[in-house]
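Worksheet: the structure to be examined is printed underneath.
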Amino acid sequence: MSKTLIVIAGPTGVGKTSVAIKLAKHFKTEIVSSDSRQIFKELTIGTAIPAKEELEQVKHHFIHSHSIHNNYNASRYENEALELLEILFQKYNTVVLAGGSMLYIDAICKGIDTMPDADPEIRAELKSRLETEGIESLRTQLKKLDPEYYQIVDLKNQARIIHALEICLMTGKTFTSFRSNPNKKRPFEIIKIALNTDRAELHDRINRRVDKMVKDGLEKEARNVYPYKYLTALNTVGYREWFNYFDGEISREEAIELIKRNSRRYARKQLTWFRKDETVNWFDPDQVEEIIAFVEHQISEK
RNA sequence: GGUGCCAUAGCUCAGUUGGUAGAGCAACGGACUGAAAAUCCGUGUGUCCUUGGUUCGACUCCGAGUGGCACCA
C-alpha cells in the first residue's frame, strides 16, 4: 500500500489545528507541523501552538522543537522533516502535515535546491553595505557576479539581492548555478487540503484570536524575548509590534491593532500563495466529514 | 415644536467659482526556492442621502423630504 501525506494548509487563524487533529485521529496517525514559528520553544502564545489538551490527543512534531537562538530555514526543515517522515511512514500509511508556512510546505512537497547556508558574517556585511551605500551598489555587484539572475530578480527586493550575492561570494559560483527549480520525487503520495472561509469571518476570527492572545499574556511572552529582538526568528507578527511598543515608538493599543492588521495581511498573502497551487483542494474548516471522505476516496484511487 | 449646521469610498475627511471626485487609514490583487509570520510590487473599490426645480450640463445652486448633531423652547 502506498504511503500518503495529507497536507492541511490555509491562512492563519482559519482552524487548521482542529481539522488536523480530527484527521490524525481518524487515520490513527501523527501530525508534522509545517509552521516556521511554532517550531521555536520560546514562542507559545503568539504563534498559537495547539493547546495542551490537543497536544495530548495526537503526537505532534516540530512544535517547540528548536530554539530561536539557532538559525533555522526552509532547507533545514526539508531535511529534518523528510527524515522524520521516513520513520513515521514505517509505522503509518498516512501522516498529516499541518501548518501555514508556504515555503516549508513546498520544501516538503516539491523540494528546494541544495545550496550552502548563508554565512552570518557575509549577510551582516551586505546589510550594512545596503545601509551605507544603498541598494544600487548591491545591484551593480550582482550584475557582475551573476548577470543571468540579475535579469530575472526583483531589483527592488533587497532580501533577494542580498541572498543571491551571499551565495555568489561564499561559493565563487553564480547563484543561478544552484537554481534548478527542482520538482523532487517523494516516496509518498501527497493530498493537499487548504482551508478557507469567507473573508469577514476570517478577519473576525483573527481579531478575536489576537484579543485572546493578549489576554493570555502575549505581552509578557514578548517581553521575555525582547533582548533578542534582532533575531530573524523574532521578526514575526505578534512580537515585533510589541518590540516597537517597548521601544516607545507606538502605544500599547497601537501595537495590538497592528498585530491584528498584520495578521490579516499575512492571511491574505498565504491565500495568494495557496491559490496559485493547482494541486490544492479547498474546503471550509467545518467540513471535516467531507475532507475525510475526500481523502479516503483519493487514497482508494491510488 | 423652532432655528442653525452637517450628509462625498469600509472609516475620518478634502474638493469641484456648475463639466460625474481624492487624501490618510482600512481593504483588495500579485510576485516568491535557505530571513517565508520574511521580503517586494501593484490597485480607488463611489447612486457624492432621496426627490423636484434652474441649467446644454447638478455631486456642486434653489425648494422639499429623510437622517444625524447643536442650540432655543
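Proteins get letters first, then strands, A, B, ... in listed order; numbering begins at 1 in each.
Remark: B:U17 base-pairs with no nucleotide; criterion is Watson-Crick or G-U wobble with both hydrogen-bond distances under 3.5 Å. With a 3.5 Å ceiling on both atom-pair distances, B:A9 lacks any Watson-Crick or G-U wobble partner.
The CG atom of A:D35 sits 11 Å away from the P atom of B:A36 (whole-angstrom rounding). To the nearest angstrom, P of B:A38 lies 7 Å from CZ of A:R37. One atom, OH of A:Y72, and another, C1' of B:A36, lie 13 Å apart when rounded to the nearest Å. With rounding to whole Å, A:L130 atom CG is found 10 Å from B:C40 atom P. The CD1 atom of A:I152 sits 8 Å away from the P atom of B:U33 (whole-angstrom rounding). Distance, A:I112 CD1 to B:A35 C1': 12 Å, rounded to whole Å. Rounded to whole angstrom, the span from the CG atom of A:L126 across to the P atom of B:A35 amounts to 12 Å. For the pair A:I105 CD1 and B:U33 P, the computed distance is 16 Å after rounding to whole Å.
The stretch residues 48-55 of chain A has no heavy atom under 4.0 angstrom from RNA chain B at all.
Using a 4.0 Å heavy-atom criterion, one finds that A:K184 contacts no nucleic acid atom at all. When heavy atoms are screened at a 4.0 angstrom cut-off, A:F178 is found touching no nucleic acid atom at all. As judged by a 4.0 angstrom heavy-atom cut-off over every strand, A:D117 is placed among the base-contacting residues. Within 4.0 Å (heavy atoms only), A:G46 reaches at least one base atom of the nucleic acid. Residue contacts for A:N71: at a heavy-atom cut-off of 4.0 Å it reaches no nucleic acid atom on any strand shown. Using a 4.0 Å heavy-atom criterion, one finds that A:T114 contacts the bases of the nucleic acid, with or without backbone contacts as well.
Taking the six-membered ring wherever Trp is involved, the centroid distance between the rings of A:Y226 and A:Y239 does not fall below 6.0 Å.
One finds a salt bridge joining A:D117 and A:R76 here, because a Lys/Arg side-chain nitrogen approaches an Asp/Glu carboxylate oxygen to under 4.0 Å. In this structure, A:K215 does not pair ionically with A:D211, as no charged nitrogen and carboxylate oxygen lie closer than 4.0 Å. Contact check on A:D216 versus A:K212 returns a salt bridge, with a Lys/Arg side-chain nitrogen under 4.0 Å from an Asp/Glu carboxylate oxygen. Using a 4.0 Å cut-off between charged nitrogen and carboxylate oxygen, A:R129 and A:E136 do not count as a salt-bridge pair.
Side-chain contact between A:V19 and A:I193 is absent, with no heavy atoms from C-beta onward closer than 4.5 Å.
The shortest distance between the side-chain N/O atoms of A:R76 and the OP1/OP2 oxygens of B:A36 is not below 4.0 Å. Note on A:N73: every side-chain N or O is 4.0 Å or more away from OP1 and OP2 of B:A38.
We find the OG1-CG distance between A:T47 and A:L218 to be 9.5 Å, quoted to the nearest 0.5 Å.
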Review item, nucleotides 27-32 of chain B N/O atoms under 3.5 Å of protein N/O:
{"unit_1": "B:A27", "atom_1": "OP1", "unit_2": "A:R264", "atom_2": "NH1", "d": "2.3"}
{"unit_1": "B:C28", "atom_1": "OP1", "unit_2": "A:R199", "atom_2": "NH1", "d": "2.7"}
{"unit_1": "B:C28", "atom_1": "OP2", "unit_2": "A:R268", "atom_2": "NE", "d": "2.7"}
{"unit_1": "B:C28", "atom_1": "OP2", "unit_2": "A:R268", "atom_2": "NH2", "d": "3.4"}
{"unit_1": "B:C28", "atom_1": "N4", "unit_2": "A:R268", "atom_2": "NH1", "d": "3.3"}
{"unit_1": "B:G29", "atom_1": "OP1", "unit_2": "A:R199", "atom_2": "NH2", "d": "3.4"}
{"unit_1": "B:G29", "atom_1": "OP1", "unit_2": "A:R275", "atom_2": "NH2", "d": "3.3"}
{"unit_1": "B:G29", "atom_1": "OP2", "unit_2": "A:R199", "atom_2": "NH1", "d": "3.3"}
{"unit_1": "B:G30", "atom_1": "OP1", "unit_2": "A:R275", "atom_2": "NH1", "d": "3.4"}
{"unit_1": "B:G30", "atom_1": "OP2", "unit_2": "A:T272", "atom_2": "OG1", "d": "3.3"}
{"unit_1": "B:G30", "atom_1": "OP2", "unit_2": "A:R275", "atom_2": "NH1", "d": "2.1"}
{"unit_1": "B:C32", "atom_1": "OP2", "unit_2": "A:K276", "atom_2": "NZ", "d": "2.8"}

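The aromatic rings of A:F243 and A:F246 are tilted relative to each other, their planes meeting at an angle between 30° and 60°.
At least one donor-acceptor pair under 3.5 Å links the side chain of A:S300 to the backbone N or O of A:H297.
Figure legend: cation-pi geometry between A:K276 and A:W273, with NZ or CZ positioned under 6.0 Å from the six-membered ring centre and within 45° of its axis.
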